[in-house]
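See structure below.
Position 1 is the first residue of the sequence, and the numbers go up from there. What you are looking at is a predicted structure, and each value in this text was computed from that prediction instead of being measured.
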Amino acid sequence: MKETKPEFDALSASYDELLRDPIRDRFSAGTAFFHARKRDLIRAYFDRNRLKASSLSWLDLGCGKGDLLTIMKDDFGQAAGCDPSGGMLEAGNLRNSGIDAREQRDPGQIPFEDSAFDFITAVCVYHHVPPPVRAALTAEVRRVLRPGGTFCIIEHNPWNPATRLIVSRTPVDADAILLRAGESCGLLEAAGFHLTRKEYFLYLPEGLYRNLRTFEGALGWLPLGGQYAVFGQAPA
C-alpha cells in the first residue's frame with residue numbers, strides 16, 4: 001500500500017521531510033497543493049456524475065498520515081482509512097480526529113467488512129504493491145465496496161520525466177514500481193469495474209495553476225501530467 005512495509009513506522013516522524021525534492025519544491029512549496037488538487041479532482045468527478053458525497057461512506061486505502069482524509073472527511077457522510085503502518089496512523093493522529101483509522105496488519109487484506117463503502121480511493125498506493133499482488137488487492141477492494149460503488153486509483157505518471165526522476169531519488173519510494181494509466185485501467189476492468197473516467201493532472205506548478213486552472217483542466221486527456229486518476233464503478 002502507500003506504506004506497505006513495517007519500515008514506514010521508522011520513517012513516520014520524518015515522512016514529509018523525506019518527500020522533499022528540488023524539482024518538487026519548485027512545483028509547490030509543501031504538500032498542501034498536491035492534496036488540494038486531488039480533493040478538487042474528486043469533487044469534480046462527483047459533480048460531473050451528480051453524486052452526493054454527503055450521503056456516502058468513503059475509505060482511503062493506504063491513507064498514511066491521513067492528509068487527504070483530513071481535508072475531505074467533511075465532504076462525506078462517513079470517512080475511514082487504513083494503512084499497514086501503525087506509525088503513520090499515529091503520526092497523523094487520525095484516531096483522535098473522529099476518523100475510523102485501522103492498521104492493515106496484512107497488506108493484502110482490507111480490515112473492513114464486506115460492502116462497507118460507497119467510495120474507495122487508493123492514492124499513490126499501487127506503486128508500492130508488487131505487480132503480482134495488484135490484481136488480488138483490487139479484488140479485495142471489490143469485496144469492501146458496495147454494489148454500484150466507485151473506486152479511484154491515483155498514481156504517479158511514468159510518462160512524465162520529472163515524476164520519474166523525483167520518484168527515483170525519494171527515499172520513501174525506494175521500492176516503487178510505477179504503473180501507467182493503462183495498467184491501472186486494466187486492473188479495474190479485470191476486477192469487473194466499469195471504467196468511467198481517466199484523466200491526467202499536475203501539469204502546472206502552483207503559482208501558474210491559480211490563474212490557469214481552466215487551461216490545465218482542458219489538458220486532462222494528454223498523458224504528460226505528473227499524476228493521473230482513473231475511476232471505475234462496481235456492477236450494481
Side-chain angles (χ1 to χ4, degrees), residues 1-4 7-45 58 60-76 79 81 83 85-99 101 121-128 152-158 160-176 178 199-217 219-220 224-229:
M1 329 304 294
K2 192 178 299 182
E3 287 74 36
T4 50
E7 294 94 290
F8 276 89
D9 286 346
L11 300 176
S12 59
S14 56
Y15 184 79
D16 290 341
E17 186 62 29
L18 291 171
L19 289 175
R20 295 186 65 87
D21 181 274
I23 297 175
R24 192 176 190 269
D25 292 346
R26 284 198 294 270
F27 201 89
S28 175
T31 62
F33 173 68
F34 299 102
H35 300 311
R37 287 292 288 112
K38 295 172 178 65
R39 176 200 62 199
D40 294 345
L41 183 147
I42 291 169
R43 284 177 174 173
Y45 178 86
W58 166 42
D60 190 24
L61 174 66
C63 64
K65 294 170 67 176
D67 298 288
L68 188 62
L69 277 168
T70 299
I71 65 171
M72 287 205 75
K73 64 184 178 66
D74 292 336
D75 285 32
F76 291 87
D83 197 280
S85 171
M88 291 294 286
L89 296 175
E90 291 296 335
N93 200 31
L94 289 176
R95 289 164 178 157
N96 294 322
S97 66
I99 295 173
T121 50
V123 179
C124 295
V125 167
Y126 272 76
H127 67 258
H128 288 298
C152 172
I153 297 175
I154 296 178
E155 271 296 338
H156 298 314
N157 178 19
N160 184 296
T163 293
R164 289 202 311 272
L165 179 59
I166 293 169
V167 170
S168 71
R169 59 193 189 188
T170 300
V172 298
D173 285 329
D175 66 344
L178 299 184
E199 71 176 282
Y200 297 86
F201 66 107
L202 290 177
Y203 296 89
L204 302 175
E206 182 175 9
L208 289 177
Y209 178 75
R210 290 195 193 102
N211 297 318
L212 296 171
R213 63 179 63 201
T214 301
F215 173 72
E216 175 163 315
L219 296 176
L224 293 177
Q227 294 185 341
Y228 65 83

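Contact check for Phe201 versus Lys38: side-chain heavy atoms found under the 4.5 Å cut-off. Looking only at side-chain heavy atoms (C-beta outward), Arg169 and Ile23 come within less than 4.5 Å of each other.
Between the OG1 atom of Thr163 and the CG atom of Asn157 there is a distance of 6.0 Å, given to the nearest 0.5 Å. Atoms CH2 and CE, from Trp58 and Met72 in turn, are 5.5 Å apart once rounded to the nearest 0.5 Å. The NZ atom of Lys65 sits 12.0 Å away from the CG atom of Asp83 when rounded to the nearest 0.5 Å. The CD atom of Gln227 sits 4.5 Å away from atom SG of Cys124, with the distance rounded to the nearest 0.5 Å. Put simply, CZ on Phe215 and CG on Leu208 are 10.0 Å apart, with the number rounded to the nearest 0.5 Å. If you take NE2 on His35 and CG on Asp67, they are separated by 3.5 Å, rounding to the nearest 0.5 Å.
Between Ala229 and Leu41, the shortest heavy-atom distance links the atoms CB-CD2, 3.7 Å. Closest approach of Leu89 and Gly64 over heavy atoms only: CD2-O, 3.7 Å. Closest approach of Leu69 to Ala79, counting heavy atoms only: CD2-CB, 4.1 Å. Closest approach of Ala176 and Val167 over heavy atoms only: CB-CG1, 3.9 Å.
Ring centers of Phe33 and Tyr209: under 6.0 Å apart, within the cut-off.
Under the 3.5 Å distance criterion, the side-chain polar atoms of Tyr203 are left unmatched by any main-chain donor or acceptor of Gly226. In terms of modelled atom types and a separation under 3.5 Å, the side chain of Glu155 and the main chain of Tyr126 share a donor-acceptor contact. A donor-acceptor contact shorter than 3.5 Å links the side chain of Glu216 to the backbone of Leu202.
For the residue pair Asp173 and His128, a side-chain donor N or O sits within less than 3.5 Å of a side-chain acceptor on the partner. A side-chain donor-acceptor contact under 3.5 Å links Asp60 and Thr121.
Arg37 has no carboxylate O lying under 4.0 Å from a charged side-chain N of Glu206, or vice versa, which leaves the two without a salt bridge.
Taking the ring axis of Phe34 as reference, the NZ or CZ atom of Arg24 stays within 45° of it and closer than 6.0 Å to the ring centre.
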| task | Could you give me the CA-CA distance, side-chain angles and deciding distance for Leu68 and Ile42, then say whether side chain to side chain contact (heavy atoms under 4.5 Å, CB included) is met? | result | CA-CA 11 Å; Leu68 188 62; Ile42 291 169; 4.3 Å; yes
